[in-house]
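Comments concern the structure below.
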Amino acid sequence: MSDVIRLLPDSVANQIAAGEVIQRPASVIKELVENAVDAGATIIEVIVTDAGRTLIQVVDNGRGMSETDARLAFERHATSKIAKADDLFNLHTMGFRGEALASICAVAQINLRTRQYDAEIGTRLIINGSKVESQEPFACSAGTNLMVKNLFYNVPARRKFLKKDSVELSNIVKEFERMALVNPEVDLTLTSNDTVLHRLLPGTFKQRIADLFGQSVAKHLLPVSTTTSIVKIDGFIASPEGARHRNALQYFTVNGRHMRHPYFHKAVTMCYERLIASDAQPQYFLNFTVDPASIDVNIHPTKNEIKFEDENGIWQILNAAVRESLGRFNAGPGMDFDAPAGFDIPVFNPDATADHNVNIDPTYNPFASSAPAQQQRQPVREKQPSITRDWERLYEGFMGETPAVPPVMEMPSDGPSPVIEGLAGSASDTDGVYEPSSIIQVRNKYIMAPAVSGLMVIDQHRAHVKILYEKFLRMGAGGSMQSQTLLFPEVLSLSAAREALLVELQPALRAMGFDFSPLGNRSWSITAMPDVVAESNPTEVMSRILADSEAGVIKDTDESLRSGLALSMARSVAIKSGVKLSVKEMEHLISELLRLPTPNYTPDGLAVIRVLSDTEIDNFFK
């Protein structure tokens with residue numbers, strides 16, 4: 001029997017490695033910018049065309065490469081960063097594996113121009129799918145200019161699964177921002193299709209945060225600084241007022257390298273308990289400096305996952321440092337989100353039996369007539385027992401119990417609920433499906449009702465999302481969605497990635513009834529909204545649409561685009577978990593939900609209804 005095991009060609013091995021190292025255009029930019037930083041560059045320019053599909057170009061003023069180094073740099077496991085295994089535990093550079101350039105050239109066309117400062121002439125190298133086509137002397141500036149063209153041109157399956165340009169560009173911008181945060185001393189520029197998205201001058205860490213994310217973020221920053229024998233932590237956290245409900249800015253770096261660390265993230269979020277709403281997330285920009293020998297960065301090819309030798313100790317230090325910063329700057333709890341809603345007005349209720357040495361005439365009323373007050377005043381009597389009753393009558397409206405439903409949830413006696421908009425009909429439409437008189441709300445989140453086959457449990461937020469989605473989709477398809485001009489325009493501040501998404505979605509948004517215009521400096525004025533969501537916060541609705549577009553919920557095709565926008569608007573205005581509903585509101589919600597042809601799931605596949613059968617319920621007690 002013949003041998004079946006054989007060595008793979010280098011080109012095939014590099015393509016396999018590229019599957020882990022090079023996942024999308026943003027991965028290429030990460031690797032090339034890290035190489036430029038390792039080369040001592042102080043000025044780095046990143047240029048992309050068609051979100052990196054056509055061209056990714058990184059130009060730096062680093063030390064450059066010799067003719068031999070330029071050729072060897074694209075060989076697998078060729079690196080200038082380490083020489084022996086022990087060097088892995090004393091890393092001071094971003095790269096060290098020697099896989100990035102080999103992986104990139106295996107799935108793209110490379111044009112490299114590089115020259116060292118002390119060399120009179122540089123080198124140009126052209127590689128096509130791991131095959132070196134030419135290498136020749138070339139006159140160029142000192143530093144390195146590397147162009148990656150037609151990414152994944154020879155791997156059609158990988159190229160087909162790239163997201164749309166707006167999503168890939170958003171990933172590029174986020175990766176660029178991460179690189180910019182860990183290198184505030186470097187002059188960085190990002191250009192997309194001849195449009196400058198970021199132009200960052202060298203500065204302090206706080207200046208870099210402000211340049212990237214705006215003064216609206218920077219004004220909430222609180223400094224954090226602590227130094228111990230095992231770690232030095234410095235950077236900034238946002239005050240509780242700067243917390244976000246979605247897309248919070250959360251960055252950890254260790255020894256100048258970006259990292260993800262859920263365990264340390266928990267240490268930070270625990271400090272904000274009872275300071276922010278339960279569905280909000282704090283923002284932070286924290287740098288760790290540790291002994292390189294105490295961490296292991298060689299866990300994953302992307303080098304974003306890092307193992308610490310003393311994670312528990314660092315967790316305690318981080319938690320204490322964040323708490324100390326919040327306390328030092330008086331960022332204490334402004335309100336208790338767990339407390340029941342209601343007025344907190346101190347009521348003056350004097351004791352009628354006490355002698356206050358004050359003469360009070362409870363019958364005195366200066367507005368009783370136009371006669372002089374002296375003629376209306378009655379003889380004064382001390383220690384009036386009616387004083388307490390008068391104060392009780394005055395504050396009678398405040399002394400009652402807090403209403404179970406906030407005013408915005410009040411249910412008119414002669415019409416549908418203003419909160420569950422558009423829910424017509426009554427419980428009689430679903431006779432035989434559930435019993436309206438037995439409906440209850442659990443944790444202000446789930447609605448439970450007996451059903452023919454058992455117990456029906458409904459997620460109130462998802463149910464309302466499903467109802468509104470179907471309504472918005474019908475209105476959008478029929479062209480009946482009208483626009484309503486805002487009395488006072490709202491200003492929406494965006495990141496570079498979000499602004500690129502907004503420009504791409506602009507025609508579709510205008511067709512749905514939105515109207516907005518640029519103000520400059522990545523700010524936009526929202527002047528009109530679709531009338532079906534006009535009562536909602538315009539910036540919240542727009543932010544949700546852009547977030548869903550980043551996540552790929554909103555697709556390119558006309559039908560998917562309309563569907564995605566309808567889903568985003570429904571999510572923005574639907575009733576939230578934690579809102580108390582009246583029995584009539586719950587009846588309307590269930591009635592309208594069960595009228596839909598497919599009520600069980602939201603458009604993105606999340607369960608709306610679960611039914612516990614009688615058998616399952618009986619089994620609970622066996």
Side-chain angles (χ1 to χ4, degrees), residues 17 20-21 27 29-42 44 60 62-63 65 69 73 76-103 175 177-186 188 202 204-205 208 224-236 250-268 284-322:
E20 290 186 343
V21 180
S27 304
I29 291 174
K30 172 183 179 295
E31 299 294 344
L32 297 184
V33 172
E34 284 183 349
N35 283 345
V37 172
D38 288 341
T42 58
I44 303 174
D60 68 69
R63 64 179 63 96
M65 291 181 282
D69 287 345
R76 196 176 183 200
H77 303 311
T79 178
S80 62
K81 316 300 173 57
I82 62 174
K84 55 185 183 298
D86 291 344
D87 293 341
L88 290 173
F89 302 100
N90 191 30
L91 290 172
H92 297 278
T93 58
M94 297 296 100
F96 58 88
R97 298 172 64 97
E99 290 183 325
L101 292 181
S103 298
E175 191 62 60
E177 290 170 351
R178 283 192 284 266
M179 299 299 301
L181 278 176
V182 298
N183 298 286
E185 73 285 352
V186 178
L188 287 162
T204 64
F205 187 45
R208 180 56 55 91
V224 175
S225 180
T226 186
T227 302
T228 68
S229 59
I230 61 175
V231 65
K232 175 185 176 183
I233 302 175
D234 61 275
F236 299 92
Q250 298 172 338
Y251 294 92
F252 284 134
T253 64
V254 55
N255 293 354
R257 185 190 307 274
H258 172 73
M259 72 169 177
R260 294 189 298 266
H261 208 294
Y263 188 48
F264 292 163
H265 169 76
K266 183 65 174 177
V268 176
Y284 54 80
F285 309 85
L286 296 172
N287 306 312
F288 297 74
T289 304
V290 299
D291 182 359
S294 67
I295 59 174
D296 185 2
V297 300
N298 192 28
I299 297 176
H300 191 273
T302 60
K303 301 184 286 292
N304 284 330
E305 300 176 15
I306 298 175
K307 181 68 175 177
F308 287 76
E309 182 179 335
D310 190 2
E311 285 189 343
N312 292 333
I314 295 177
W315 192 99
Q316 298 287 347
I317 295 169
L318 174 61
N319 184 268
V322 173

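Computed over heavy atoms, backbone and side chain alike; hydrogens, waters and symmetry mates excluded. Every value quoted in this text rests on a predicted model; they were computed, and no experiment measured them.
Looking only at distances, a side-chain donor or acceptor of Thr228 sits under 3.5 Å from a matching main-chain atom of Val231. Asn255 places a side-chain N or O within donor-acceptor distance of the main-chain N or O of Val290, the cut-off being under 3.5 Å. Looking at Arg63, its side chain does come within 3.5 Å of a backbone N or O of Asp38 through a donor-acceptor pair.
Here the shortest heavy-atom pairing between Phe252 and His265 reads CE1-N, 3.6 Å. Across all their heavy atoms, His261 and Ile306 have their closest contact at CD2-O, 3.8 Å. Pro184 and Arg208 make their closest contact through O-NH2, 3.1 Å (heavy atoms, listed as atom of the first residue, atom of the second, distance). Heavy atoms only, all atoms of each residue included: Val182 and Met179 are closest at CG2-O, 3.2 Å.
Looking at Phe308 and Val254, their side chains come closer than 4.5 Å, going by heavy atoms from C-beta outward. Side-chain contact between Val33 and Asn183 is absent, with no heavy-atom pair separated by less than 4.5 Å.
The distance from atom CD1 of Ile314 to atom CD of Gln316, rounded to the nearest 0.5 Å, is 11.5 Å. Separating the CG atom in Asn319 from the NZ atom in Lys266 is a distance of 10.5 Å, to the nearest 0.5 Å. Going from atom CD1 of Ile295 over to atom CZ of Phe288 covers 11.0 Å, rounded to the nearest 0.5 Å. Atom CZ of residue Phe236 and atom CG of residue Asn287 lie 9.0 Å apart, to the nearest 0.5 angstrom. For the atom pair Leu32 CG and Ile44 CD1, the distance stands at 10.5 Å (nearest 0.5 Å).
Taking the six-membered ring for Trp and thresholds of 30 and 60 degrees, Phe285 and Tyr251 have nearly parallel ring planes, at less than 30 degrees apart.
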